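Every value quoted in this text rests on a predicted model; they were computed, and no experiment measured them.
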Amino acid sequence: MIPGNVGPDGLVGVGLREALGTEAALEVVFILFVAVGAGAFLGGIARWALSLVPGTHVGTWAANIVGSAVFGFSTLMPGMWPAFLGAGFCGALSTLSTLAKEGGTMIKNKEWGQLTSYVLATAAGGIIAAWFGTLWASRAFM
């Protein structure tokens with residue numbers, strides 16, 4: 001069993017601390033920043049595209065569910081992939097702030113049933129999606 005923040009190659013977590021203690025530490029940090037930045041660029045584009053989906057909250061819900069699944073998948077990937085996909089792509093794709101804004105609007109409009117179902121669907125869907133992502137990654141990388 002691999003801890004949640006350590007990929008098969010050990011780069012994230014303990015492996016990262018070890019890499020930073022080497023001569024190539026600056027190179028590792030630079031590559032890490034580039035990986036996260038590139039992932040965030042692509043995640044931002046995906047988030048923008050999902051914001052164009054018609055429907056009240058479909059784009060936000062889809063962004064959070066897809067982000068959870070991809071994040072779960074990224075936790076078991078080797079090398080810099082967790083930084084690229086997990087921190088970069090998923091960090092830019094998923095959106096707690098928009099969920100909070102939409103929830104706040106529902107509270108203001110006293111749409112209690114819609115608020116409850118939306119928040120529960122997002123939370124439960126995100127947990128299930130992350131679990132499936134981890135399951136798929138374990139089949140692919142282990």
Following the transitive rule for hydrophobic clusters with a side-chain heavy-atom cut-off under 4.5 Å over Ile, Leu, Val, Met, Phe, Trp and Tyr, establish whether Leu99 and Val53 coincide in one cluster.
no
State, to 0.1 Å, how close Ile65 and Gly125 come at their nearest heavy-atom pair, and which atoms those are.
CD1-C, 3.3 Å
Ala129 and Ser68 have their tightest heavy-atom pair at CB-CB, 4.1 Å
Do Trp131 and Ile127 pass the side chain to side chain contact (heavy atoms under 4.5 Å, CB included) test, and can you show the C-alpha distance, the side-chain angles, and the key distance before you say yes or no?
CA-CA 6 Å; Trp131 179 78; Ile127 291 167; 5.6 Å; no
Before giving the answer on side chain to side chain contact (heavy atoms under 4.5 Å, CB included), spell out for Ile31 and Val34 the whole-Å C-alpha distance, their side-chain angles and the decisive distance to 0.1 Å.
CA-CA 5 Å; Ile31 292 171; Val34 169; 5.6 Å; no
Could you go through the side chain to side chain contact (heavy atoms under 4.5 Å, CB included) check for Val119 and Thr122 one step at a time?
CA-CA 5 Å; Val119 170; Thr122 300; 5.8 Å; no
Give, for atom CZ of Arg47 and atom OG1 of Thr60, the distance between the pair rounded to the nearest 0.5 Å.
4.5 Å
Hey, any chance Trp48 and Val70 share a hydrophobic cluster, counting ILVMFWY side chains that come within less than 4.5 Å of each other, even indirectly?
no
Other residues, nucleotides, ligands: >12 heavy atoms within 6.0 Å of Glu111 CD:
yes
His57 to Met106 - nearest heavy-atom pair and separation:
NE2-CE, 3.0 Å
What pairs with Ser94 under side-chain hydrogen bond (donor to acceptor under 3.5 Å, both in side chains), at least two apart in sequence or on another chain?
none
At what distance, to the nearest 0.5 angstrom, does OG of Ser117 lie from CH2 of Trp112?
13.5 Å
Between Leu50 and Trp61, is there shared hydrophobic-cluster membership here, with clusters defined by ILVMFWY side-chain heavy atoms closer than 4.5 Å?
no
So which heavy atom on Thr134 is nearest to which on Leu76, and how close?
O-CD1, 3.7 Å
From Leu42 atom CG to Leu93 atom CG, the distance as rounded to the nearest 0.5 Å:
11.0 Å
If you take all heavy atoms of Pro82 and Ser74, which pair is closest and at what distance?
CG-O, 3.3 Å
Between Leu96 and Ile128, is there shared hydrophobic-cluster membership here, with clusters defined by ILVMFWY side-chain heavy atoms closer than 4.5 Å?
no
Taking atom OG1 of Thr95 and atom CD of Glu102, what is their separation to the nearest 0.5 Å?
7.5 Å
Using the side chain to side chain contact (heavy atoms under 4.5 Å, CB included) rule, take Met80 and Leu85 through it: C-alpha gap first, then chi angles, then the decisive distance, then the call.
CA-CA 9 Å; Met80 291 285 183; Leu85 280 178; over 6 Å; no
Where is the tightest heavy-atom contact between Ala87 and Val36, given as atom of each residue plus distance?
CB-CG2, 4.2 Å
Qualifying residue for ring-ring contact (aromatic ring centres under 6.0 Å, His included) with Phe73, from Phe141, Trp81, Phe89
Phe141
